[in-house]
2 protein chains.
Amino acid sequence: MSKREALLNAAEHKARIGGYSNFSFRELANEVGIKSASVHYHFPTKEDLGAELAKRYTENFLSALGDPEELVKLSQDPIEHYVGKFRHALIADQKMCLCGLFGAESDALPNKVKLHTKAFFLKNIQWLQKAIEKREGANTTPVKARNKAVFILSLLQGSMMLSKVLDSNEIFSIATTLIEPINNH
Amino acid sequence: MSKREALLNAAEHKARIGGYSNFSFRELANEVGIKSASVHYHFPTKEDLGAELAKRYTENFLSALGDPEELVKLSQDPIEHYVGKFRHALIADQKMCLCGLFGAESDALPNKVKLHTKAFFLKNIQWLQKAIEKREGANTTPVKARNKAVFILSLLQGSMMLSKVLDSNEIFSIATTLIEPINNH
DNA sequence: CTATACTTACCTATCAATAGGTATTATTGT
DNA sequence: ACAATAATACCTATTGATAGGTAAGTATAG
């Protein structure tokens with residue numbers, strides 16, 4: 001693993017716990033075994049590092065999701081698939097969604113970081129909208145599908161946060177169980 | 001207004017934009033016109049200030065909500081009333097819920113602050129549970145009402161965050177419009 | 001006289017960032 | 001093949017700003 005990757009991994013770990021201000025060049029450098037000044041070689045400023053972090057997170061998340069059309073073709077529920085990715089982040093990683101945290105503090109974020117965080121949400125809404133359109137076929141419209149996408153993403157982000165602060169994975173289960181009745185409405 | 005109150009107000013403003021690390025003793029002192037060392041007279045440590053902030057926010061929010069039983073008696077929908085408080089925070093204040101932000105970064109918060117943040121969510125779930133029980137009478141159970149409470153609070157917190165990062169109040173409207181179908185389920 | 005509400009004057013730690021330097025490894029021109 | 005060039009991946013040392021926190025002193029009101 002390159003030092004650059006190691007720096008991003010260390011930064012992601014810390015950012016997913018306490019946000020943008022929860023990682024510093026010094027700490028990251030110590031963790032990967034270089035000097036803090038050398039971090040500036042890979043990332044000129046902290047803003048650049050933060051932007052790359054959000055960008056990489058978005059790319060990894062979206063590529064892990066795959067194509068919703070493929071899932072529907074294989075008779076898999078893409079929404080359940082989607083919820084599973086969030087469940088994994090919460091239960092296995094025991095951490096928040098990086099962009100969920102960045103999103104909450106977005107008004108205090110450097111511009112580049114904010115833009116990449118925004119892109120995460122737009123791309124996720126697009127993915128969900130397509131998933132719902134493919135799953136429900138003629139029973140929905142682009143607007144209705146997009147509204148459901150916004151609803152699902154909001155609920156997942158919110159319940160993830162509640163689960164973290166109340167230290168209870170059950171909270172996430174409760175909230176996500178109530179997604180289905182909405183979908184069938 | 002006392003300096004103590006002014007400090008809390010300034011801290012709340014900053015914290016609701018960028019979280020716990022977005023306010024400092026120096027900045028707060030400058031804003032209210034005292035020296036940073038004098039802030040320690042009112043709040044021994046930043047942890048104490050943060051805890052008081054979350055505590056005061058919770059008290060103000062709960063007392064602004066009033067008693068859900070009273071609302072039901074006056075034929076008002078307590079859930080709509082509740083959603084209105086969040087809408088106000090987002091539209092009028094143009095800021096996140098303080099505890100929504102603290103909740104997202106709760107694993108990096110000093111203990112006292114984390115505990116008061118946790119209390120905010122427990123008290124809000126209790127309020128919503130009672131509201132649903134009073135509104136739906138024999139049509140619900142304590143468990144079902146609590147689950148709905150968790151669902152509503154998750155959705156509100158999540159949609160508030162999405163609205164902030166996407167800079168669109170419509171997102172909040174879309175997400176909250178979909179609360180009612182769930183309630184009637 | 002004494003508690004309240006500050007002030008001045010510090011401290012130590014940490015922050016992101018910069019300047020200037022050193023090996024090591026690739027690339028390129030002849 | 002070999003030397004010149006340049007990019008890669010770091011280093012030490014330092015800057016100016018900012019962080020939270022402390023001790024000792026001062027003004028003021030009851």
Side-chain angles (χ1 to χ4, degrees), chain A residues 1-56 101-102 105 107-117, chain B residues 1-56 101-102 105-114 116-117:
Chain A
M1 184 172 50
S2 72
K3 295 289 182 187
R4 187 191 146 91
E5 270 182 279
L7 287 167
L8 286 170
N9 290 344
E12 184 176 312
H13 173 78
K14 288 188 180 294
R16 283 182 65 185
I17 288 170
Y20 185 73
S21 64
N22 201 41
F23 65 91
S24 72
F25 275 37
R26 270 182 160 69
E27 280 181 318
L28 301 184
N30 281 342
E31 277 188 36
V32 310
I34 59 174
K35 298 297 164 184
S36 82
S38 305
V39 181
H40 288 278
Y41 166 76
H42 299 283
F43 307 98
T45 68
K46 188 176 178 180
E47 178 170 1
D48 294 314
L49 202 169
E52 181 57 36
L53 206 56
K55 190 183 159 210
R56 190 186 72 150
L101 242 156
F102 277 3
E105 59 184 359
D107 279 347
L109 248 31
N111 199 249
K112 280 187 198 173
V113 188
K114 183 175 176 158
L115 288 175
H116 280 284
T117 303
Chain B
M1 184 171 51
S2 70
K3 295 289 183 189
R4 187 191 145 91
E5 271 181 280
L7 287 167
L8 286 170
N9 290 345
E12 184 175 314
H13 173 79
K14 290 191 178 292
R16 283 182 63 185
I17 289 170
Y20 185 73
S21 65
N22 202 41
F23 65 91
S24 71
F25 275 37
R26 272 179 162 73
E27 279 180 318
L28 300 183
N30 281 343
E31 278 189 37
V32 309
I34 60 173
K35 300 296 165 183
S36 83
S38 305
V39 182
H40 290 279
Y41 169 75
H42 299 284
F43 308 98
T45 68
K46 187 175 179 180
E47 178 170 1
D48 293 315
L49 202 169
E52 181 58 34
L53 206 57
K55 191 183 157 209
R56 190 187 72 150
L101 242 156
F102 277 4
E105 59 185 358
S106 66
D107 279 348
L109 249 29
N111 199 249
K112 281 187 197 174
V113 187
K114 182 174 177 162
H116 280 284
T117 304

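Below, read A as the first sequence line, B as the second, and so on, with proteins coming before strands; counting in each chain starts at 1.
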- Among C:dA17, D:dA13, C:dT8, which is the nearest nucleotide to the side chain of B:Ala37? C:dT8
- Report the nucleotide, chosen from C:dC15, D:dG20, D:dC11, that has the shortest atom-to-atom distance to any side-chain atom of A:Ser24. C:dC15
Rounded to the nearest angstrom, tell me the gap between atom [atom1] in [X] and atom [atom2] in [N].
X       : N      : atom1 : atom2 : value
B:Asn22 : D:dG20 : CG    : P     : 11 Å
B:Lys14 : D:dA19 : NZ    : C1'   : 15 Å
B:Leu49 : D:dA19 : CG    : C1'   : 14 Å
A:Leu28 : C:dC15 : CG    : C1'   : 12 Å
B:His42 : C:dA5  : NE2   : C1'   : 6 Å
B:Ile34 : C:dT7  : CD1   : C1'   : 10 Å
A:Asp48 : C:dA16 : CG    : P     : 13 Å
B:Phe25 : C:dA9  : CZ    : P     : 21 Å

- Query: Given side chains that start at C-beta, do those of B:Leu53 and B:Phe23 come closer than 4.5 Å, heavy atoms only?
  - Reply: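 A side-chain contact under 4.5 Å exists here.
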- Task: Would you indicate, yes or no, if D:dC10 has its OP1 or OP2 atom less than 4.0 angstrom from a side-chain nitrogen or oxygen of A:His40?
- Result: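 For D:dC10, OP1/OP2 do not have a side-chain N/O of A:His40 under 4.0 Å.
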- Message: With a 4.0 Å limit, can you tell me whether B:Ser38 has a side-chain N or O closer than that to the phosphate oxygens OP1/OP2 of C:dA5?
- Response: no
- Message: Could you tell me if B:Lys46 sits above the aromatic ring of B:Tyr20, with its cationic atom closer than 6.0 Å to the ring centre and no more than 45 degrees from the axis?
- Response: yes
- Task: To the nearest 0.5 angstrom, please state how far the CD atom of A:Glu47 sits from the CG atom of A:Leu109.
- Result: 9.0 Å
- Message: Regarding A:Tyr41, tell me which of base, sugar-phosphate or nothing describes its non-hydrogen contacts under 4.0 Å with the strands shown.
- Response: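 Here A:Tyr41 touches the bases of the nucleic acid.
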- Item | Touch class at under 4.0 angstrom, heavy-atom based, for B:Phe43 against every strand present | nothing
- Least distance between heavy atoms, A:Gly18 atom then A:Leu101 atom: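 Taking A:Gly18 first and A:Leu101 second, the nearest heavy atoms are C-CD2, 4.1 Å.
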- Nearest-nucleotide wise, let me know which of A:Arg26 and A:Lys35 is further upstream toward the 5' end of DNA chain D. A:Lys35
- Query: Which is it for B:Arg56 and B:Glu52 under the salt bridge (Lys or Arg N to Asp or Glu O under 4.0 Å) test, yes or no, and what are the steps along the way?
  - Reply: CA-CA 6 Å; B:Arg56 190 187 72 150; B:Glu52 181 58 34; over 6 Å; no
